[in-house]
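Below is one structure; the comments refer to it alone.
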Amino acid sequence: MLRRLIAAAALLAAALTAAPAAAAGGPLRDLAEARGIYLGTAVTGDRLTGGYADVAADQFGSLTPGNEMKWDAVEPTRGSHDWSRADRVVAFAEAHGQRVRGHTLVWHNQLPGWLTGGTWTADQLRTLMTDHVTAEAGRYKGRVDHWDVVNEPLAEDGTLRRSVFGATLGESYIADAFRAARAADPTAKLYLNDYSIEAVGAKSDGMYDLVKRLLAQGVPVDGVGFQAHLILGQVPASLEANLRRFADLGVDVAITELDVRTTLPATAEKLDRQKADYASVVRACLAVTRCAGVTVWGFTDSDSWIPDFFPGQGAATLYDEDLYPKPAYDGIAGALAPVTPPAPGVCSVTYAVTQQWAGGYTAQATLRNTGTAPLDGWTVRWSQPAGQRVTQAWNTALTQSGTEVTASHLPYNATLPPGGSAAFGLNGTWSGTNPPPTSLICTSGT
Ligand code: G3I
């Protein structure tokens with residue numbers, strides 16, 4: 001047992017040289033930007049005033065119009081466009097330095113009545129579709145960062161959905177829509193978007209094969225959107241691997257409609273679980289270089305589609321109905337917290353428990369000057385993960401306050417030449433468990 005513990009500590013020590021930095025804060029859009037992704041939200045355009053507008057502008061780096069860009073909204077009467085609601089969201093985003101995810105050009109839902117009520121030949125339907133794509137992508141040319149060109153093209157088993165487009169035109173409608181979008185707005189990134197493709201499985205396999213086929217035909221698909229309408233506690237274990245296999249095809253990926261629904265009422269325990277779920281989705285995106293960002297599908301429970309579509313369920317977003325942040329907000333902020341790279345050119349530190357007995361232990365730490373100049377003084381800080389107390393230390397001036405430990409040089413080991421190291425040790429007490437610290441932060445200076 002003791003050997004296993006020591007081996008685990010030694011393994012961990014190798015990972016401890018990268019020091020996570022400061023506690024999570026906000027706003028989320030800045031945290032996300034600093035980690036190289038965007039954090040976006042779907043919004044309802046006519047709510048963009050007051051506190052709702054403030055949160056939307058302050059916290060999110062990207063906006064998706066929840067309904068305002070859908071075909072029924074922009075062309076309620078054939079040949080007569082009404083861009084007013086979409087324009088409003090785009091103008092708001094531009095006024096607040098936000099990107100826009102355009103949603104969506106071709107989808108089988110929220111189609112205008114004149115289209116669904118009409119009878120069309122395949123050629124007529126194809127022309128109506130490409131004209132619509134040309135008009136809308138053209139209208140917002142250069143102002144939309146990503147377009148969901150085709151939304152929800154697949155059935156649950158991963159085959160082509162027998163929607164009006166799929167059934168009448170076959171798979172070729174997808175290529176036509178993408179080509180029309182590229183011609184209308186050459187700079188927007190063009191996405192395929194779907195739900196229930198977050199895990200590796202039949203539907204995501206279908207999407208994977210579809211993307212491969214389209215790329216092989218030279219269709220300008222730039223990305224795949226994973227909607228991620230999730231159920232509490234059911235973030236797929238394969239999410240990150242799934243994102244990665246799509247990225248390996250040479251396309252970007254994004255989480256486009258994240259929410260985590262639960263049965264009501266939402267207890268403190270459920271909200272805590274939800275916090276972990278939001279965090280793990282954000283972490284999966286951060287882990288995949290080609291993951292462009294995460295968009296939540298509405299940021300407040302007062303603006304979520306869930307209660308209308310799943311009676312008895314809700315509380316799916318990160319702010320409550322009164323615009324107070326829920327634990328999910330902290331989950332996202334925590335996942336996005338800055339990571340300080342392993343202090344380049346300064347110092348690194350390893351830590352290992354070398355002996356352990358009932359209630360007591362000995363640990364050894366070694367600090368190394370990884371820079372090219374002499375180190376003039378050093379300090380190592382860590383947090384005791386299970387409340388362990390240090391009772392004695394050597395070769396260092398060590399203090400403990402609560403769970404926080406600070407170990408500094410002594411006069412005789414303050415100066416370290418490049419490549420030089422200083423070892424220090426400690427005895428401590430523990431009860432319950434004695435895990436090693438999850439991070440040690442090493443800084444230089446006296
Ligand atoms: O605008 C009318 C309003 O005039 C009327 O009084 C009211 C009465 O029900 O309905 C309003 O329209 C609703 C519309 O949202 C705007 O609020 C529709 O009934 C309602 O069906 C529609 O729901 C939208 C849903 O897509 C429709 O499919 C949701 O807001 C929207 O969040 C949701 O978004 C979709 C994504 O586009 C694609 N992925 C799934 C996601 C969730 O379903």
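Start at 1 and go down the list; that is how both ligands and their atoms are numbered.
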For Y319, enumerate each residue passing the ring-ring contact (aromatic ring centres under 6.0 Å, His included) test, keeping only those at least two apart in sequence or located in another chain.
-> F299, Y329
Donor-acceptor check, side chain of [X] to backbone of [Y], threshold 3.5 angstrom: yes or no?
{"X": "E94", "Y": "Q98", "result": "no"}
{"X": "R290", "Y": "V251", "result": "yes"}
{"X": "Q217", "Y": "L215", "result": "no"}

Those residues with a heavy-atom separation under 4.0 Å from ligand 1 are N67, K70, H103, W107, Q110, N151, E152, Q227, H229, E257, W297, W305, F309
How about M207 and F246: do any of their side-chain heavy atoms sit closer than 4.5 Å?
-> yes
Between the CG atom in N151 and the OG1 atom in T256, the distance rounded to the nearest 0.5 Å is 8.0 Å
